[in-house]
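Single-structure report; data block below.
For the numbers below, each heavy atom of this structure counts, side chains included, while hydrogens, waters and symmetry mates do not. Counting starts at 1 for both ligands and their atoms, in listed order.
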Amino acid sequence: MLQRLQAQDPDVFRAIASECRRQADNLELIASENYVSEAVLEAQGSPLTNKYAEGYPGKRYYGGCEFVDIAETLAIERAKKLFGAEHANVQPHSGTQANITMYLSVLQHGDTVMGLNLAHGGHLSHGHPLNYSGKFFKIVPVNVRKDDERVDYEEAERLVAEHKPKMLFIGASNYSRVFDWERFKKMADAAGAFFATDIAHYAGLVAAGLYPSPVPLADFTTTTTHKTLRGPRGGMILCKTKHAPALDKMNFPGSQGGPLMHVIAAKAVCFGEALKPEFKRYQERVLANARRLAQALQDRGFRIVAGGTDCHLFSVDLRPKKVTGKDAEKTLDQAGITVNKNAIPYDPEKPFIASGIRIGTPAVTTRGMGEKEMDEIAELIDDALAHRADPSYLSAVRQKVRTLCGRHPIYPELMAEIGAVAA
Ligand code: DSN
């Protein structure tokens, strides 16, 4: 497959081959990334990309949709089964696209929405002033408490009573503790508001029953399919049957045109994988690894935000080590360890500098690493940051990272092909 690409377009080939090499050789600790299976890659790289299929299975605006209908129906039925949902729309191109569609299916310009503050672990599309959500709606942020860095439910209850939002939209891109979905649902009911949730980060754990599911309680649950769920890059919306007609209409023709049928086929493959018992065992390891890595870093003098984790991710407060998030990200990159800088709650630094890094274990767990490797990774992170002014020390750490990654290879056939082609 890649030989043809190399012959036709060596520049693009080099970019792809180098990225594959980077993914193989580096420790991927970005909490929102993962390695999909070869079956997902094959579906996503299939000629289904050629097909226009505006509409829904059985009701399309184009001919020749009989086979993509099969793929989309499989994705819908598997998603409903996986999450116990009444209705699933698998067409959103991304998580943010899913959120746009969800909001617009029931809200109007200027309505009040409550969502978790981005600076406290929320997401841009949950009401950040620079995002469409913050420009289009009146946003009242939900905060975490300063002392324990967990959701301030008492304050949220007061804010709901005061602002009477039309929607509570609860989810996160960096919150390591479980959400009390029942408590938020009660707040939404008291205000006569829609209760929407975004489980983009937790979806795999939710599907495996290891993180509480908001799906039975929520009017809408949005997610991405490429994080803990380990599927192709894309979005999805689950909802109650009563919201399905408005939701589907807002997705198409309301906010998207032709669905990406190759991605939808890959979503079906991902959901099929997630329905298997092995997926639950994988998620158990993701969770155990996150807890172990957080503990190992804490034992080495780092401070873990909110005191630990109930999921696949956590934030590290770097101030005890006198390094910023920006510098840590750069240093760790030099050592072959990929993380992202992240503000911690009530961060004194600007977001582009940040006092923390966010760490997640889905990707390293996919490549077969366990708790023993988490101890090694904590040591490598600590060592690299302690010697950040010493390039030769960082090269030595990078070599150790390569050795560790070499013991847990990814995409062996593809990497052999790339290796052979490159030689
Ligand atoms: N940007 C994603 C993340 O890294 O969590 C969320 O969309």
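Taking the ring centroids of His109 and Phe137, they lie at or beyond the 6.0 Å cut-off. Taking the six-membered ring wherever Trp is involved, the centroid distance between the rings of Phe179 and Tyr211 does not fall below 6.0 Å.
No side-chain N or O of Asn174 forms a donor-acceptor pair with one of His201 less than 3.5 Å apart. Side-chain contact, Glu72 with Gln91: a donor N or O sits under 3.5 Å from an acceptor N or O.
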TODO: Decide ring-ring contact (aromatic ring centres under 6.0 Å, His included) for Phe169 and Tyr103; before the verdict, give the C-alpha distance in whole Å, the side-chain angles of both, and the deciding distance to 0.1 Å.
DONE: CA-CA 9 Å; Phe169 186 26; Tyr103 284 127; 5.4 Å; yes
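Within ligand 1, the atoms closer than 4.0 Å to a non-hydrogen atom of Ser173 are 5 (O), numbered from 1 in the order shown. Annotation for ligand 1: atoms under 4.0 Å from non-hydrogen atoms of His201 are 3 (C), 5 (O). Per-residue contacts place Ser32 under 4.0 angstrom from the following atoms of ligand 1 (heavy atoms of the residue considered): 3 (C), 4 (O), 5 (O).
Ranking the protein heavy atoms by distance from atom 7 (O) of ligand 1 puts His123 NE2, 2.9 Å first.
Residue-level proximity to ligand 1 for His226 is absent, since no heavy atom of it falls below 4.0 angstrom.
In this structure, atom 1 (N) of ligand 1 has its sub-4.0 angstrom surroundings free of protein heavy atoms.
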